[in-house]
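Everything on this sheet refers to the single structure shown next.
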Amino acid sequence: EGLLKPSQSEFVKIQFQPKTAIPFNSYLSLFVVQNEAEKEDNLIGKVQLTGVGSSEMFRPSFHEVCMPIVPINTKSQMNMSIINVGKIQSNLKIQMAVDENNFPVKISFPKGNQLLHTTEELPINISFTSPKPLSFTTVVAVVDDLGNATSFILTCTCDNSVFTLY
């Protein structure tokens, strides 16, 4: 609610944070005050506000990650982000279906694992190095303290064959 003088402009920010994943439709009414002493106002228009809620609180910047194919004992590395769609505040952790001793992939949060409601994106660093030829695909889950989760598919390959590398 506010009051504008004639020929005055104002920036209005409307924040949309639905709790359910359904379409929303609403109207913002605009009034002209004819007589301020009598608080008499006339409706001059409506601005339609529409949006669709999402049950996803955060999501990866990529849903499928294929690391560059490298020779054995050579580090393959990639950066991606977790996007804070729901503007939540929580701590994230990584869960993988593979054992790190047998599948040497490391995933870290270079700027920490805490999402804040003001955080747009949280960077993730993925690295892979193997002393023997290896190729695998796994699902990586990103889970928070509140029980929300998202996942992405990760594929890593290293080999000592010229045919695989080039």
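Annotation: Q8, atom CD; neighbour count of heavy atoms from other residues, nucleotides and ligands within 6.0 Å is above 12.
When all heavy atoms of V139 and S151 are compared, the pair lying nearest together is CG1-CB, 3.9 Å. Here the shortest heavy-atom pairing between S135 and T157 reads OG-OG1, 2.9 Å. Smallest separation of non-hydrogen atoms from V143 and A149: CG2-CB, 4.2 Å. Minimum interatomic distance between M78 and V65 (heavy atoms only, all atoms of both residues): SD-CG1, 3.3 Å. Across all their heavy atoms, F58 and D144 have their closest contact at CE2-OD2, 3.6 Å. Closest approach of Q77 to N125, counting heavy atoms only: NE2-ND2, 3.1 Å.
Panel note: side chain N84, backbone T118; no donor-acceptor pair is recorded below 3.5 Å. The closest donor-acceptor contact from the side chain of S130 to the backbone of K132 lies under 3.5 Å. Between the side chain of S90 and the backbone N or O of D145 there is at least one donor-acceptor pair closer than 3.5 Å.
Residues V105 and F136 meet the side-chain proximity criterion, which asks for heavy atoms closer than 4.5 Å. In this structure, the side chains of E120 and K87 come closer than 4.5 Å at one or more pairs of heavy atoms. Inter-residue side-chain proximity for M67 and I126 is flagged as met; some heavy-atom pair is nearer than 4.5 Å. Counting heavy atoms from C-beta on, the side chains of F109 and P123 never come closer than 4.5 Å. Inter-residue side-chain proximity for F152 and V142 is flagged as met; some heavy-atom pair is nearer than 4.5 Å. For the pair L154/F128, no side-chain contact is recorded, criterion being any heavy-atom separation below 4.5 Å from C-beta on. In this structure, L146 and M57 have side chains that are not in contact, with every pair of non-hydrogen atoms separated by 4.5 Å or more. Annotation: side chain of P133 is in contact with side chain of I72 (closest heavy-atom distance under 4.5 Å).
There is a path of hydrophobic side-chain contacts, each under 4.5 Å, that joins F62 to L122.
If you take CD1 on I69 and CG on D159, they are separated by 8.5 Å, rounding to the nearest 0.5 Å.
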